[in-house]
Protein chains: 2
Amino acid sequence: MQGTEHAIDISELRQSCARCALLNLCLAAPIGAAELRRLDDIVKRRRPLARNEFLFREGSRHSSLYVIRSGAIKTSVLLPEGDCQVLGFHLPGEILGLDGVASERHQLSAEVLEESSVCEIPFDRLGEVAAQLPALQRQIYRIVSREFVREQEHPVMMGRKHAMTRLALFLHGFSERRSAHGLDPCSFELSMSRQDLANYLGLVIETVSRAFSRLQALGVIEVDRRHVIVRDRRALSDFARPDEPELRATA
Amino acid sequence: MQGTEHAIDISELRQSCARCALLNLCLAAPIGAAELRRLDDIVKRRRPLARNEFLFREGSRHSSLYVIRSGAIKTSVLLPEGDCQVLGFHLPGEILGLDGVASERHQLSAEVLEESSVCEIPFDRLGEVAAQLPALQRQIYRIVSREFVREQEHPVMMGRKHAMTRLALFLHGFSERRSAHGLDPCSFELSMSRQDLANYLGLVIETVSRAFSRLQALGVIEVDRRHVIVRDRRALSDFARPDEPELRATA
DNA sequence: GTCGCTCGTTGACCAAAATCAACTCGCGGC
DNA sequence: GCCGCGAGTTGATTTTGGTCAACGAGCGAC
């Protein structure tokens with residue numbers, strides 16, 4: 001099995017930005033063919049990362065941005081008490097590594113949840129290229145801004161008072177992100193553990209489990225361990241919206 | 001009193017980046033005198049903004065970044081239900097407007113909590129200048145990264161399960177930010193309402209009120225309406241740390 | 001196969017925060 | 001001064017989610 005993985009590895013390494021399915025999501029979007037080649041030259045396509053590997057760790061030296069090509073990656077910060085806070089689950093097309101530009105050291109850790117491949121873009125070289133390509137420069141800002149806005153979804157979710165609302169918001173958002181990538185929005189495998197999800201949602205694992213069961217009992221979703229089928233997309237987004245218990249009691 | 005305020009206004013408008021007390025916190029930090037002048041040319045120093053004014057509103061056309069020179073500004077997003085989520089309270093030296101670069105429209109609103117002055121930096125012109133000043137370009141990235149990291153504090157705070165912990169974390173952080181600006185870290189006026197604070201902390205107003213009273217009863221702080229005196233800085237950061245109730249019961 | 005482990009679920013109980021409601025204080029208008 | 005309003009506090013009660021504990025399903029090791 002090691003052999004086949006290696007074969008996939010090599011073929012991915014050969015792929016250029018021009019042939020990348022995520023082109024419109026990543027840095028390369030609005031630049032011409034010639035410029036694309038220059039960007040391509042500095043992009044390192046890394047070997048696929050296995051589950052539980054770290055793309056980078058809190059405190060380590062920062063040098064690159066990373067575009068996720070496939071898989072799923074979890075970011076988190078360590079807390080003084082010893083435990084950690086999960087900050088996000090990142091899917092293909094998203095960028096990691098913006099933390100750490102300020103202090104030259106990563107402020108968070110990025111752990112691989114399922115086999116993933118990423119493009120690594122050395123930050124200083126990106127700067128050099130971008131300095132001569134205004135369109136690329138603008139695109140970088142646009143991407144950064146996009147990630148900035150995306151981060152806000154987390155506190156918005158955590159601001160909701162009910163466990164069901166939080167989980168519904170998460171599932172709804174997850175589903176949306178999948179359809180944005182052309183994936184089935186109604187049937188998917190969650191790559192994170194209940195523990196990670198609970199931590200992300202600001203709840204304990206038991207509460208998350210109960211919320212899943214509740215949504216299933218209401219016929220909104222079907223859950224089998226980490227596999228989720230959304231049966232009633234409309235109902236899910238209804239649960240994701242209000243924090244008033246009355247609507248939660250209905251049905 | 002309008003007269004004196006106007007006088008201050010004019011004198012501030014005349015200030016250059018070079019004379020700005022916040023120089024080391026803002027974009028201009030690492031660039032030379034000549035370059036500073038070029039940056040200075042594009043910076044618009046806006047008249048002071050009054051309480052309850054909006055620096056920008058969600059959905060409005062984006063065009064500038066803003067550096068807060070004095071005062072306090074609250075950012076928030078509207079939620080489908082009609083209410084809103086407060087995302088941050090921003091103090092001098094911090095940057096606003098990074099939202100909205102991606103979509104060209106602001107994704108959040110910025111409301112003035114107390115009389116504030118800001119420097120406005122038109123984004124396209126900043127790009128032009130930065131294209132020729134690598135040091136400025138790098139500084140922009142550094143600032144963006146800094147704000148990116150700062151944003152993480154919010155979900156970290158919201159991840160704590162106890163109201164006291166959240167409030168203590170907030171007060172502790174607020175105090176820290178004040179000393180970073182050379183202000184008294186132990187005696188200050190909170191410029192936001194209990195409602196805004198509760199929303200930011202993911203709690204209801206009554207719970208925040210009780211947490212304040214509790215911290216006062218324990219001798220950690222003194223509260224008089226919006227004025228806070230930190231009596232025991234050490235105890236405050238102790239409360240900000242653990243989420244285990246045992247330590248909360250002590251004293 | 002089965003042992004043992006981790007992950008997840010479920011139930012009983014308890015504690016903390018939300019809710020509901022009354023009340024106080026400070027402030028601006030008149 | 002007095003009235004009325006909004007902001008904040010406090011108390012009583014309810015509800016939710018956290019805690020503790022038992023249990024079960026899947027999976028890898030052997």
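Please read all numbers here as calculations on a predicted model, not as lab measurements. Letters A, B, ... mirror the listed sequences (proteins, then strands); counts begin at 1.
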[X] has an atom [atom1]; how far is it from atom [atom2] of [N], in whole Å?
| X | N | atom1 | atom2 | answer |
| --- | --- | --- | --- | --- |
| A:M192 | C:dG8 | CE | P | 11 Å |
| A:E189 | D:dG26 | CD | C1' | 13 Å |
| A:L167 | C:dG8 | CG | P | 13 Å |
| B:I205 | C:dC20 | CD1 | C1' | 14 Å |
| B:D196 | D:dA7 | CG | P | 10 Å |
| A:L215 | C:dG8 | CG | P | 17 Å |
| B:L203 | D:dT9 | CG | P | 14 Å |
| B:E206 | D:dA12 | CD | P | 15 Å |

Which listed nucleotide ([options]) is nearest to the side chain of [X]?
| X | options | answer |
| --- | --- | --- |
| B:R226 | C:dT9, D:dG8, D:dG18 | D:dG8 |
| B:A163 | D:dA7, C:dT10, C:dA17 | C:dA17 |
| A:H162 | D:dG17, C:dT9, D:dT19 | D:dG17 |
| B:S213 | C:dT9, D:dT10, C:dC7 | D:dT10 |

Is any NZ, NE, NH1 or NH2 atom of the basic residue among [X] and [Y] found under 4.0 Å from an Asp or Glu carboxylate oxygen of the other?
| X | Y | value |
| --- | --- | --- |
| B:E120 | B:R46 | yes |
| A:E147 | A:R150 | yes |
| A:E114 | A:R226 | no |

Quick one: label B:R166 by what it contacts on the DNA or RNA (base, sugar-phosphate, nothing), any heavy atom closer than 4.0 Å.
nothing
Can you tell me if A:T207 touches the phosphate of D:dG17, counting only side-chain N or O atoms and a distance under 4.0 Å to OP1 or OP2?
no
Within the structure, does a side-chain N or O atom of A:R194 lie under 4.0 Å from either OP1 or OP2 of C:dT9?
yes
From CA spacing to verdict: side chain to side chain donor-acceptor pair (under 3.5 Å), B:E58, B:H106:
CA-CA 5 Å; B:E58 196 174 336; B:H106 283 290; over 6 Å; no
Between B:Q195 and B:R210, just flag the one whose closest nucleotide in DNA chain D comes earlier from the 5' side.
B:Q195
Both A:R225 and A:V208 contact DNA chain D. Which one's nearest nucleotide lies toward the 5' end?
A:V208
Salt bridge (Lys or Arg N to Asp or Glu O under 4.0 Å) pairs, two or more places apart, involving residues 167-178 of chain B:
B:E94-B:R177, B:E176-B:R233
